Amino acid sequence: MELYFEQNVTNKNVDERTKRTKALIVAKTICMAFGVFALVSSAMLGDYFFYYFWIFVLFAVPFFVAMFIIGRINKRCNTEYDYVIDDESIRITEIYFRERRKQKYSIRLRLIESVGVFDTEGYKKAERDTNKKILALVNYDDEDSVLYICYKTDKGTRNILFLEPNKGFMMALRRALSTAALTVFDKSVADLEKRLAKKEQEEALVAVNGYDDDAQEPNEADENHDYTDGDDK
């Protein structure tokens with residue numbers, strides 16, 4: 001049976017920090033404008049252009065550096081992810097500002113060496129001789145729920161990918177790696193799956209209670225309505 005699973009990792013900052021996002025966009029635009037203005041101004045010096053050009057460049061550099069840093073901060077606060085698992089690979093897509101999508105990484109299942117929870121003994125062994133560490137998550141505070149996947153690329157280099165999976169993702173990953181589960185999965189994975197299952201139950205309970213509260217909330221229009229029988233006069 002063909003396997004396909006998709007998880008969307010949402011970023012609450014996108015909704016909670018809309019004003020900050022707009023302010024950073026304005027700040028980035030201003031920095032770019034000042035940087036470009038400095039470079040263009042140097043071209044107006046005529047015969048003195050070559051004498052003072054580097055002074056204008058040095059003046060413009062801080063603005064371009066600030067523009068780059070602001071852009072990185074804004075992007076990080078407005079980035080979400082899609083994790084897709086199929087029979088052959090795990091694909092990671094970055095979503096910027098809920099508008100632009102770009103597939104960033106693709107991992108062949110057969111090249112995965114180990115899977116476990118961040119900062120455990122298994123992780124410390126896996127990170128040895130690692131060439132690159134890749135972050136594909138939005139919640140950096142809950143380290144106990146960060147999953148690492150150590151894998152080899154087609155070129156033979158070893159990378160580690162960090163994700164924040166849900167229960168469904170872990171179930172799909174176990175199915176995808178069923179033939180190699182005993183050698184690939186670290187013992188910390190079992191504890192992670194229990195935490196994710198408990199978290200899912202708690203979220204479902206909160207959702208049900210919230211629905212019940214909304215259903216039982218009295219309707220103001222009904223409270224003010226006179227249900228007395230009789231014809232209107």
Side-chain angles (χ1 to χ4, degrees), residues 1-14 68 71-120 122-190 192-193 195-196 199-200:
M1 183 176 179
E2 186 176 346
L3 172 64
Y4 181 88
F5 176 82
E6 181 176 350
Q7 175 189 348
N8 176 246
V9 181
T10 58
N11 189 342
K12 63 181 181 180
N13 290 325
V14 177
F68 174 78
R72 295 281 294 183
I73 294 173
N74 215 11
K75 178 182 174 182
R76 176 173 172 176
C77 292
N78 290 276
T79 298
E80 298 175 313
Y81 295 92
D82 276 345
Y83 307 153
V84 174
I85 300 177
D86 57 32
D87 291 317
E88 297 182 355
S89 63
I90 299 175
R91 301 191 303 277
I92 309 297
T93 299
E94 283 188 350
I95 306 168
Y96 310 116
F97 299 92
R98 293 184 176 165
E99 294 179 355
R100 304 192 303 272
R101 301 172 61 90
K102 182 178 181 181
Q103 183 173 315
K104 294 288 289 185
Y105 312 104
S106 181
I107 303 172
R108 296 182 187 274
L109 295 175
R110 61 182 177 82
L111 297 180
I112 292 178
E113 295 184 349
S114 61
V115 178
V117 178
F118 170 71
D119 209 24
T120 58
Y123 167 73
K124 293 175 182 178
K125 293 179 181 179
E127 72 169 342
R128 297 171 187 168
D129 301 322
T130 299
N131 297 86
K132 187 177 181 181
K133 295 180 180 179
I134 302 167
L135 298 176
L137 62 159
V138 299
N139 181 16
Y140 294 86
D141 298 326
D142 188 6
E143 293 184 350
D144 291 338
S145 297
V146 175
L147 185 77
Y148 79 84
I149 299 178
C150 181
Y151 67 97
K152 281 187 176 181
T153 65
D154 293 333
K155 297 181 180 180
T157 58
R158 295 178 72 249
N159 294 344
I160 289 184
L161 175 68
F162 297 101
L163 308 173
E164 48 179 305
N166 58 19
K167 179 183 175 184
F169 180 91
M170 295 305 303
M171 292 175 63
L173 187 60
R174 277 198 177 276
R175 283 185 57 196
L177 299 175
S178 58
T179 57
L182 292 178
T183 57
V184 170
F185 283 94
D186 181 80
K187 61 182 180 180
S188 60
V189 172
L192 173 62
E193 289 173 325
R195 289 195 298 271
L196 292 176
K199 180 181 178 181
E200 186 176 283

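Just so it is clear, the structure is predicted and the values come from calculations on it, not from any experiment. Each residue takes its place number in the sequence, starting with 1.
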Practice task
Evaluate whether atom CD of Glu88 has more than 12 neighbouring non-hydrogen atoms of other residues, nucleotides or ligands under 6.0 angstrom away.
Solution key: no

Problem - Side-chain (Asp87) to main-chain (Leu3) donor-acceptor, under 3.5 angstrom - result: yes

Practice task
Look at atom OH of Tyr140 and say whether more than 12 heavy atoms of other residues, nucleotides or ligands are closer to it than 6.0 Å.
Solution key: yes

Problem - Residues in side chain to side chain contact (heavy atoms under 4.5 Å, CB included) contact with Thr79, at least two apart in sequence or another chain - result: Lys75, Tyr81, Glu94, Tyr96

Handout entry: Any side-chain heavy-atom pair of Val84 and Phe5 under 4.5 Å
Key = no

Exercise for the section: Heavy atoms only: give me the nearest Met170-Phe185 pair and the separation to one decimal. Expected result: CE-CE2, 4.4 Å

Handout entry: Those residues that, when tested against Ser114, pass side chain to side chain donor-acceptor pair (under 3.5 Å) (two or more places apart)
Key = none

For residues 143-153, please give each side-chain donor-acceptor pair under 3.5 Å, one per line with the distance, not counting sequence neighbours.
from   : atom 1 : to     : atom 2 : distance (Å)
Ser145 : OG     : Asp142 : OD2    : 2.8
Tyr148 : OH     : Gly122 : O      : 3.3
Thr153 : OG1    : Lys155 : N      : 3.3
Thr153 : OG1    : Gly156 : N      : 3.4
Thr153 : OG1    : Thr157 : N      : 3.3
Thr153 : OG1    : Thr157 : OG1    : 2.8

Fill in the blank from the handout: Rounded to the nearest 0.5 angstrom, the CG-OH distance for Asn159 and Tyr105 is 9.5 Å

Practice task
Please name the pair of heavy atoms, one in Ala136 and one in Leu161, separated by the smallest distance, quoted to 0.1 Å.
Solution key: CB-CD1, 4.0 Å

Handout entry: Nearest-0.5 Å distance that lies between atom CD1 in Ile107 and atom CD1 in Ile90
Key = 5.0 Å

Exercise for the section: Could you tell me which non-hydrogen atom of Val117 sits nearest to which non-hydrogen atom of Ser188, and how far apart they are? Expected result: N-OG, 3.0 Å

Handout entry: Partner set under side chain to side chain donor-acceptor pair (under 3.5 Å) for Asn166, not counting sequence neighbours
Key = none

Handout entry: 4.5 Å side-chain heavy-atom contact, Ile95 and Asn8
Key = yes

Exercise for the section: For Ala176 and Leu109, work out which heavy atoms get closest and say how close. Expected result: CB-CD1, 3.7 Å

Exercise for the section: Assess whether side chain to side chain contact (heavy atoms under 4.5 Å, CB included) is satisfied between Val184 and Glu113, documenting all intermediate values. Expected result: CA-CA 6 Å; Val184 170; Glu113 295 184 349; over 6 Å; no

Exercise for the section: Output all residues satisfying side chain to side chain donor-acceptor pair (under 3.5 Å) with Ser89, sequence neighbours left out; order by chain, then residue number. Expected result: Asp86

Handout entry: Distance, nearest 0.5 Å, that separates CG of Asn78 from CD1 of Ile73
Key = 12.0 Å

Practice task
Apply side chain to side chain contact (heavy atoms under 4.5 Å, CB included) to Val115 and Asp186, showing your working.
Solution key: CA-CA 6 Å; Val115 178; Asp186 181 80; over 6 Å; no

Practice task
Give, for atom CD of Glu127 and atom CZ of Arg158, the distance between the pair rounded to the nearest 0.5 Å.
Solution key: 10.0 Å

Practice task
With rounding to the nearest 0.5 Å, note down the distance linking CZ in Phe118 to CG in Leu137.
Solution key: 10.0 Å

Exercise for the section: Find the distance between CZ (Arg174) and CZ (Phe169) and round it off to the nearest 0.5 Å. Expected result: 12.5 Å

Handout entry: Closest contact, heavy atoms only, Pro165 versus Leu196
Key = O-CD2, 3.5 Å

Practice task
Would you kindly say whether Glu6 and Tyr4 are connected by a side-chain donor-acceptor distance under 3.5 Å?
Solution key: yes

Problem - Step-by-step side chain to side chain contact (heavy atoms under 4.5 Å, CB included) determination, Lys132 to Ile134 - result: CA-CA 7 Å; Lys132 187 177 181 181; Ile134 302 167; 4.2 Å; yes

Exercise for the section: Provide the closest heavy-atom pair for Ile85 versus Ala172 in the form atom of the first, atom of the second, distance. Expected result: CD1-CB, 4.0 Å

Exercise for the section: Determine, step by step, whether Val189 and Glu193 satisfy the side chain to side chain contact (heavy atoms under 4.5 Å, CB included) criterion, reporting the C-alpha distance in whole Å, the side-chain angles of both residues, the deciding distance to 0.1 Å, and the verdict. Expected result: CA-CA 6 Å; Val189 172; Glu193 289 173 325; 3.9 Å; yes

Completion exercise
Residue pairs passing the salt bridge (Lys or Arg N to Asp or Glu O under 4.0 Å) test with at least one member in residues 97-112, sequence neighbours excluded, are Asp15-Arg98, Glu80-Arg98, Asp82-Arg101, Arg108-Asp154

